[in-house]
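So the structure is just underneath, and the comments pick up after that.
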Number of protein chains: 2
Amino acid sequence: MENLMPKTPTVYDVADLAGVSIATVSRVFRKPHKVSQATKDRVDAAVLNLGYVPSGSARSLAARRAGAIGLCFPDFDGIDGGPGPIVYTDGRVIEQLDPPEDVEPSGDLYLSEVMLGTEIEAWRHGMAVTIAVARGDEIFDNLAGRVDGMITLSRTVPERLLAHIARHIPVVVIAGTRAGDDYDHIGTDNVAGMQAMTQHIVESHGVRDLAFVGGPADSPDDHDRFEGFRMGLQAEGIEPPSEPLLRGDFTRSHGRMLGRRLVEAGRVPRALVCSNDQTALGVLDALLATGMRVPEDVIVTGFDGIDASQTSRPRLTTVRQPMRELGRAAVDTLLRRLGDPLMPPQTGTLPVTVLLRESCGCLA
Amino acid sequence: MENLMPKTPTVYDVADLAGVSIATVSRVFRKPHKVSQATKDRVDAAVLNLGYVPSGSARSLAARRAGAIGLCFPDFDGIDGGPGPIVYTDGRVIEQLDPPEDVEPSGDLYLSEVMLGTEIEAWRHGMAVTIAVARGDEIFDNLAGRVDGMITLSRTVPERLLAHIARHIPVVVIAGTRAGDDYDHIGTDNVAGMQAMTQHIVESHGVRDLAFVGGPADSPDDHDRFEGFRMGLQAEGIEPPSEPLLRGDFTRSHGRMLGRRLVEAGRVPRALVCSNDQTALGVLDALLATGMRVPEDVIVTGFDGIDASQTSRPRLTTVRQPMRELGRAAVDTLLRRLGDPLMPPQTGTLPVTVLLRESCGCLA
DNA sequence: CTGAAAGCGCTTACAG
DNA sequence: CTGAAAGCGCTTACAG
């Protein structure tokens with residue numbers, strides 16, 4: 001840092017110092033086996049000596065591939081709500097009471113697991129991963145222009161934008177439901193997972209009074225999970241409802257509200273099958289607060305397998321999504337698409353796992 | 001997808017169609033105010049018509065800046081342990097019992113929060129964020145060459161590599177302790193946070209029998225936190241120990257082990273101040289399992305403020321790190337450095353917050 | 001406000 | 001195994 005970082009060395013500098021052509025320098029990096037050991041050594045020495053790092057942009061431009069994948073995720077947290085100034089400190093510490101009521105977990109591991117899966121698989125294939133929170137149109141020139149393909153979580157990028165991007169580079173959508181033939185899609189087996197959960201409750205716990213606590217009516221995930229619930233009941237010879245008993249918005253606080261509402265209405269079914277973990281945890285909070293026992297009085301189950309589901313009391317029986325695999329599969333699909341642009345639209349469905357824990361009565 | 005994605009349109013195609021020069025096309029994107037509305041409209045129409053997306057690599061090469069920041073994080077999960085093949089499914093679901101003993105949370109939000117903070121601040125300044133798990137030397141040419149600067153979590157990238165990179169682009173290290181004058185550093189006020197926590201226990205709960213449960217002896221974070229603990233005791237007129245009572249490795253399972261060991265030794269202090277949340281949660285598990293009551297018999301506190309700390313029973317009193325701010329501050333520092341390469345090495349310390357919850361007795 | 005032209009730093013056939 | 005040369009698609013002074 002003390003030196004002025006003079007001019008960054010380029011292939012030309014390395015070539016000069018090593019006494020070879022720039023083509024040879026390039027080969028040492030990209031096709032080492034096509035270079036004799038002797039010249040390779042000379043080039044390596046020059047590289048080290050100069051502190052040379054190949055320019056990614058020049059490389060991408062010349063090679064006609066960015067060598068990177070874009071990953072776009074939703075602004076789930078209202079991120080754009082204007083972050084304040086950054087405060088630096090020296091010894092001052094704030095102390096504050098932190099009652100549970102005010103707590104809404106800042107997010108779960110879903111996002112970071114998908115990201116990790118994407119990163120792992122991408123780097124296995126020598127691709128970098130560039131991330132972006134979906135904000136507006138800027139994405140389109142800031143991200144789309146610098147990657148070979150894009151992965152996006154469902155309902156993250158406005159359709160119009162996505163269409164523009166897909167005209168340029170392949171796009172893979174994760175979760176939700178297929179958004180048409182212009183994108184490949186990787187999803188989770190919501191239907192089978194919820195059906196298995198439902199039948200488990202009926203068969204292993206002898207419960208026939210089940211109700212579904214849903215999420216937003218326009219969520220395709222919620223739709224599929226409710227469908228699985230209905231299929232499960234049907235398979236057990238129980239007449240399925242045409243609508244969820246209640247709907248929330250997938251948050252824990254809404255779950256609490258729904259739980260309270262059920263108790264107040266004096267009509268709590270023997271089992272509450274919730275459309276996601278956050279809702280289930282909220283329902284759990286509300287039921288326990290009124291003195292009901294889970295699972296003795298009511299069975300409560302979730303869907304997703306977020307971290308909080310395994311540390312709650314009682315621990316939540318749920319369906320785990322293969323989050324990391326979702327990212328990996330998306331990358332795989334993207335790379336196949338890149339290799340064969342004409343292949344028909346792909347749809348990948350990943351298997352889920354029903355985790356039997358305390359809230360259904362499977363574990364003490 | 002059905003069309004062959006013929007040849008991707010370039011500035012030349014847009015310029016031709018709009019009847020302007022390529023310089024003008026470029027200006028429409030980069031300096032719109034320097035172009036008359038009329039020609040701008042023509043260019044915009046051509047862009048839409050052709051589905052033009054500017055090439056990021058050509059842009060970066062010409063502009064001499066990548067327009068991206070690299071974020072490097074540790075392979076905390078043993079990621080490279082060979083991921084298996086991806087299984088696609090159709091209706092098959094695995095059911096499995098999931099007892100608590102086998103659970104080690106797959107990670108906490110620390111990483112994803114830092115990532116989010118980085119992303120938010122970077123995009124506010126028009127920079128993309130490219131992420132990478134630290135693996136080996138590949139980072140150096142895959143990531144370092146394509147970004148204008150790099151942010152890395154402490155002890156993530158081998159010193160030799162980091163030095164090579166820092167010769168090329170500025171590097172900001174997050175957490176841990178300063179690694180020399182070649183990098184800027186953003187950290188958290190470990191000392192003040194732990195001191196405040198310690199004094200809180202003494203002053204608000206009248207406890208004078210405190211012990212410190214540490215992490216790895218070579219962790220600078222652990223070192224600072226223990227130092228804060230000692231300073232807190234000293235300030236209260238209590239003779240501080242020279243070493244932690246016990247040391248774990250920052251994992252929950254190690255925490256459990258340490259908790260069991262304490263109980264078996266029959267020597268459990270009135271308050272256990274743990275060096276991080278995972279350790280504290282493990283200690284909590286072990287104590288509760290033997291019938292001890294927290295906080296009535298023993299006070300247990302953590303450090304970090306991970307999600308699990310606010311859903312445990314009892315909820316964990318802890319010191320929250322400003323994770324998202326850490327990322328934001330790192331980006332800020334990086335951009336300032338980019339703007340002024342000669343400025344002296346920077347060190348930023350962010351304030352922490354003591355969260356008073358149930359495990360110290362502050363909330364029922 | 002607009003255009004012609006040089007140049008950014010690589011990769012990649014093509015020759016040898 | 002190695003080199004000369006064209007070209008990747010932009011940005012940016014410089015003129016006008």
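Chain identifiers are assigned alphabetically (A, B, ...) following the order of the sequence lines, protein sequences preceding nucleic acid strands; residue numbering begins at 1 within each chain. Here the structure is a predicted model, which means the values were calculated and not measured. Worth knowing before you read on, the calculation uses all heavy atoms, side chains too, and leaves out hydrogens, waters and symmetry mates.
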With nearest nucleotides of DNA chain D determined for A/V35 and A/I22 from heavy-atom distances, which residue corresponds to the more 5′ nucleotide?
A/V35
Rounded to the Å, how far apart are B/R65 CZ and D/dC10 P?
17 Å
Once pairs are restricted to Watson-Crick or G-U wobble with both distances under 3.5 Å, how does DNA chain D read as a dot-bracket string, [ ] for crossings and | for other-strand pairs?
|||.||||||||.|||
Heavy atoms from C-beta onward define the side chain here; which of D/dC10, C/dA4, D/dG9 lies closest to that of B/A23?
C/dA4
Quick check: does any side chain N or O of B/S26 sit under 3.5 Å from a backbone N or O of B/I22, one acting as donor and the other as acceptor?
no
Using only atom types and a distance under 3.5 Å, with no angle test, would you say the side chain of B/D148 pairs donor to acceptor with the backbone of B/G67?
yes
Looking at B/Y12, does any N or O in its side chain come under 4.0 Å of the phosphate oxygens OP1/OP2 on D/dC8?
no
Answer yes or no: side-chain N or O of A/R64 and base N or O of D/dG7 forming a donor-acceptor pair under 3.5 Å.
no
Does any N or O in the side chain of B/E119 come within less than 3.5 Å of the main-chain N or O of A/V133, such that one atom is a donor and the other an acceptor?
yes
Students often get this wrong, so: under 4.0 angstrom with heavy atoms, is A/K31 touching a base, only sugar-phosphate, or nothing?
sugar-phosphate
Donor-acceptor pair, B/R146 side chain versus A/A66 backbone, under 3.5 Å?
yes
Using a cut-off of strictly less than 4.0 Å, decide whether A/S55 has a side-chain nitrogen or oxygen near OP1 or OP2 of C/dG9.
no
Find the distance A/R27:CZ to C/dC10:P and express it as a whole number of Å.
15 Å
Using a heavy-atom cut-off of 4.0 Å across all strands, would you classify A/V25 as base, sugar-phosphate, or nothing?
nothing
Output the single nucleotide from D/dT11, C/dG3, D/dG7 whose closest atom is nearest the side chain of A/A62.
D/dG7
Mind checking A/S60 for me? I need base, sugar-phosphate or nothing, with any heavy atom below 4.0 Å counting as a touch.
nothing
B/S57 near the nucleic acid: base, sugar-phosphate alone, or nothing, with a heavy-atom cut-off under 4.0 Å?
nothing
Return whichever of B/L61 or B/G19 has its heavy-atom-nearest nucleotide of DNA chain C closer to the 5' end.
B/G19
Can you figure out which of D/dC10, C/dA13, C/dT2 approaches the side chain of B/T24 most closely?
C/dT2
